[in-house]
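Taking it in order: structure first as structure tokens, then the write-up.
Side chains included, hydrogens not; waters and symmetry mates left out as well; all remaining heavy atoms used. Order of the sequence lines fixes the chain letters, A, B, ..., with proteins taken first and strands second; residue numbering starts at 1 for each chain.
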Amino acid sequence: MMNLIDDLRRLVGDRATDSSSERLCYSRDASQVRGLPDYVVRPLNAIEVSEIVRLAGRLGVPVTPRGAGTGLAGGAVPIKGGILLDLSGMDRMLELDLDDLQVQIEPGVIPERLNWALKEHGFFFPPDPGSSAMCTIGGMIANNASGMRCVKYGTTRDHVLDLEVVMADGRVIHTGSRMLKSSAGYDLTRLMVGSEGTLGIITAARLRITPLPRARRLIAASFPTAEAGARAVIEAFSAGIVPSACEILDRTTLMVLSKCNPNLALPMDGDLILFEVDGSEQSTAEEAEQIERACSAAISVRIATGKEEMEEIWAARRLVGAAVSRLDPNLSRVYLGEDVGVPISQIPTLIARVERIAEEAGIPAMKYGHIGDGNLHAALFIDITDEDRWGALERAADRIHLAALDLGGTVSAEHGIGLARARYMERQWGEGLDLMRSIKRAIDPQGILNPGKLGL
Amino acid sequence: MTGKPDIREILKCVRCGTCRSVCPVFRELGWESTSARGRLMIAGHLLDGGLPDEAALASLRSCTTCGICKEICPAEINSPQLIEGARRAISGRGLLSEAQLKLKTRIQATGNSLGEAQDRLAWMTEKEIPDRAKAVYFAGCLNSYRYPQVTARTLSIIKPLGVTVLKNERCCGSPLLRTGIAAETIDHNLEQIRATGAETVITGCAGCYTTLKNDYPPEFEVLSLSEFLEEHISDLKLKSLDITVTYHDPCHMGRHNRIFDPPRRVIEAICNLEEMKWSREEARCCGGGGGVRSGYPDLSLRMARRRLEDLPSNVETIVTTCPLCMKNLNDAGGMAIDLIDLVAQALPEHASGSGSSPGH
Ligand SMILES: Cc1cc2nc3c(=O)[nH]c(=O)nc-3n(C[C@H](O)[C@H](O)[C@H](O)COP(=O)(O)OP(=O)(O)OC[C@H]3O[C@@H](n4cnc5c(N)ncnc54)[C@H](O)[C@@H]3O)c2cc1C
Ligand code: SF4
Ligand code: SF4
């Protein structure tokens with residue numbers, strides 16, 4: 001490949017590099033995928049991005065956008081080399097329009113920071129991935145990320161009104177408007193959401209914001225089996241309750257949680273379902289009672305209302321995925337097969353299958369996730385210096401993916417496909433994947449945007 | 001503290017990026033190589049036999065070792081320790097930076113990190129100091145040469161409580177350890193301390209404290225000045241001042257050695273304390289540590305300015321317990337004083353009554 005560094009420097013000065021150590025740092029995200037970029041560039045605005053993409057297009061060089069590199073599927077890993085665009089420096093909040101319930105931000109804004117700013121005004125941006133302290137909103141949009149509160153508030157997709165996108169030929173387009181609703185043509189915003197950087201580079205986003213609820217209540221119910229827990233969830237839903245979070249944590253997960261924070265006031269005697277309801281004092285009190293009733297099969301039920309106590313439980317829950325080394329310092333969590341989803345009614349079957357798969361592979365596993373929307377995180381952990389264990393782990397992850405598809409589910413409910421799950425796309429989508437390929441060809445005929453991803 | 005860092009520890013990093021949300025250097029520079037995650041990838045590569053380029057050296061050297069990444073890392077990785085280990089490994093290969101080389105020659109020639117030729121005890125106003133005492137005040141290079149009033153004030157306040165100083169103190173070794181060069185001065189100081197027969201060594205410098213506590217043999221008790229003052233608070237008969245100050249936790253007092261409460265209790269015995277936006281375990285670094293102030297002065301100042309944004313509104317005076325933090329915050333336009341300055345104002349014999357703002 002010809003040397004582009006001088007051209008890139010002409011565009012962005014010392015925010016472009018070809019240093020080998022810097023490239024190394026951008027060769028991975030939080031998944032196991034690796035790929036070294038030839039250049040790393042840190043643009044600061046859409047014009048720079050557009051110029052870089054045009055340059056890449058002229059020479060047929062791949063361009064891979066990256067937010068914070070917290071993705072769990074290798075989406076931001078430049079597996080075909082080329083230019084890595086680090087967008088995390090584009091982190092300004094452009095406009096706060098409370099009257100119209102929206103904000104406009106650059107893609108590098110970190111959701112936690114946006115929420116600090118919104119809180120002052122009584123609003124929030126609901127999608128709350130476990131990585132909300134460090135990921136970027138651009139990455140969330142590109143992955144259609146979601147979190148615990150999405151069972152009530154929807155995923156990132158439901159909060160995007162408009163995107164400014166640099167297309168593969170360098171054009172800068174808008175996909176929507178300030179309107180909260182619109183019935184005019186193809187929904188380009190939704191096409192871009194979840195496209196993992198393969199259709200365009202998001203340089204600004206207009207997001208819908210939501211008033212903060214006045215009260216929250218957390219109900220922790222411990223069940224003798226995960227199946228009994230899942231039945232309680234279905235019962236609560238049928239009683240008309242839409243919890244603002246509904247999580248399952250199995251016994252192993254609880255053990256890890258208690259290692260992270262020994263003061264956590266959680267029952268440890270079974271598989272745990274955490275329900276959260278939000279709204280007014282009165283509505284949350286009533287709903288908490290209803291949920292308690294739905295949990296008749298529980299060993300114990302605790303209702304928490306203290307702000308700090310709830311925050312502590314959620315903070316621990318948010319980071320549990322990465323905290324497994326507290327259980328055994330020789331074991332590390334490997335994010336493979338970690339994000340499957342199935343219809344809620346199938347969750348108990350999925351849990352049972354994951355349990356068997358892990359047992360047969362001799363790999364300990366935590367099972368936790370957003371049971372309210374059928375998303376199960378299976379956390380497998382091994383001694384990562386042991387080659388044999390890697391093989392066993394990969395086989396187990398493969399079986400978990402197939403089990404989810406078998407139950408009518410998805411190989412990724414929120415973390416995305418990237419490269420890590422690309423090989424399942426054909427199986428999950430069939431003909432639908434052909435249509436995706438046609439869309440990709442029409443929009444990026446040279447295939448320069450994040451090549452090698454999504455099984456395209 | 002010596003030896004190569006364990007590659008297994010580095011492999012434990014799940015690259016979750018949580019450290020990106022707090023690393024003060026990354027906040028300013030934005031390159032992945034300047035976050036703990038990037039530094040660990042580079043350290044791993046070097047330990048695997050990889051060759052360091054400019055960016056690799058800058059990555060490892062620009063870490064202030066503030067430890068906030070360690071505080072929140074879900075995998076409990078001690079990044080600053082691993083980064084220091086990697087620095088030692090590359091200094092072992094003869095890759096000292098210009099700043100590190102200068103420091104090394106300076107300390108060897110003058111016994112202090114500033115290269116001052118002057119008598120180290122020039123600050124001392126006391127005519128006589130006992131040869132032997134229960135406790136020794138270890139002044140440190142910065143306090144001895146840059147803040148002679150602070151040092152003199154400290155000794156005058158704690159000497160009556162049975163404290164002496166070393167006749168021939170040298171640099172504690174901290175800047176050398178932190179930058180990865182083994183310290184020769186430790187043995188010299190040890191001998192001096194032993195000669196006084198002291199059971200306790202007191203220091204008002206975060207760098208000296210952490211070195212005395214963690215890198216010297218555990219022959220004596222090491223107390224930070226704030227702990228010592230807290231212990232003797234009733235002997236000091238402090239009066240209260242009608243002012244409000246805030247407190248900046250030096251990384252090597254707070255996070256590294258968990259000294260959070262003693263300075264606060266001393267302050268609260270004197271006046272109002274209002275916390276900074278981030279404090280205690282979450283306090284942001286002033287940008288001065290880890291050799292960053294000497295190696296990357298501009299970067300260091302940018303971090304200090306960022307730290308000043310954490311001041312509570314309407315509070316100007318920042319009390320701290322480390323001369324390096326004090327210097328960096330003041331150079332960035334802050335109004336930082338040492339805890340002992342506040343204590344001096346509250347002594348019964350201090351003339352200027354309450355209400356005045358403590359200066360230095
Ligand atoms: C501990 C931990 C917990 C997590 N918890 C959750 C969770 O609860 N829910 C969840 O959904 N995810 C979770 N994730 C996964 C990840 O954090 C999210 O997918 C996040 O949205 C990725 O954001 P990022 O900025 O790191 O994106 P990156 O990883 O940098 O990139 C992700 C994808 O987005 C593309 N991209 C990034 N920026 C742009 C842009 N501006 N324009 C176009 N494409 C772009 C990249 O090319 C890539 O394909 C977790 C990850 C970790 C490490
Ligand atoms: S927080 Fe810890 S595990 Fe996560 S990237 Fe940083 S060092 Fe690695
Ligand atoms: S110790 Fe501080 S400066 Fe160094 S990597 Fe960690 S957070 Fe960054």
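How far CZ of Arg42(A) is from CG of Leu29(B): 8.5 Å, rounded to the nearest 0.5 Å. Atom CZ of Phe26(B) and atom CE of Met134(A) lie 12.0 Å apart (nearest 0.5 Å). For the atom pair Glu54(B) CD and Ser19(A) OG, the distance stands at 9.0 Å (nearest 0.5 Å). A distance of 7.0 Å separates OG in Ser21(A) from CG in Leu46(B), rounded to the nearest 0.5 Å.
Ring geometry, Trp278(B) versus Trp116(A): the interplanar angle falls from 30° to 60°, so the pair is classed tilted.
Of the listed residues (Val334(A), Ile110(A), Thr17(A)), the greatest number of heavy-atom pairs within a distance under 4.5 Å of chain B belongs to Thr17(A). Interface remark: of the candidates Ser35(B), Gly17(B), Pro52(B), Gly17(B) forms the most heavy-atom pairs closer than 4.5 Å to chain A. Across Cys19(B), Ala55(B), Gly50(B), the residue that shares the most heavy-atom pairs under 4.5 angstrom with chain A is Ala55(B).
With a 4.5 Å cut-off on side-chain heavy atoms, Gln32(A) and Arg15(B) count as touching. Between Cys25(A) and Ser33(B), some side-chain heavy-atom pair lies under the 4.5 Å cut-off. Taking the side chain as every heavy atom from C-beta outward, Leu331(A) and Lys12(B) never approach each other to under 4.5 Å. Inter-residue side-chain proximity for Arg20(B) and Ser88(A) is flagged as met; some heavy-atom pair is nearer than 4.5 Å.
Ion pairing of Asp29(A) with Arg37(B) is absent here, as no side-chain N (NZ or NE/NH1/NH2) approaches a carboxylate O to less than 4.0 Å.
Residue-environment remark: CZ (Arg34(A)) stays at or below the threshold of 12 foreign heavy atoms within 6.0 Å. Atom CD of Glu281(B) sits in a crowded spot, with more than 12 heavy atoms from other residues, nucleotides or ligands closer than 6.0 Å. Other residues, nucleotides and ligands contribute over 12 non-hydrogen atoms within 6.0 Å of the CZ atom of Arg265(B).
Interface residue Leu24(A): backbone and side-chain heavy atoms are both found under 4.5 Å from chain B. Residue contact with chain B, scored on non-hydrogen atoms closer than 4.5 Å, is absent for Arg23(A). Looking at Val40(A), both its backbone and its side chain come within 4.5 Å of chain B, counting heavy atoms on both sides. Heavy atoms of Cys73(B) lying under 4.5 Å from chain A belong exclusively to its backbone. Using a 4.5 Å cut-off between heavy atoms, Ser20(A) contacts chain B through both its backbone and its side chain.
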Just do the side-chain contact (heavy atoms from CB on, under 4.5 Å) check on Met41(B) and Ser27(A) with the steps written out, would you? CA-CA 10 Å; Met41(B) 288 175 80; Ser27(A) 66; 4.0 Å; yes
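Nearest heavy-atom pair across Tyr26(A) and Glu32(B) is OH-N, 3.0 Å. For Leu11(B) against Ile384(A), the heavy-atom pair with the smallest separation is O-CD1, 3.2 Å.
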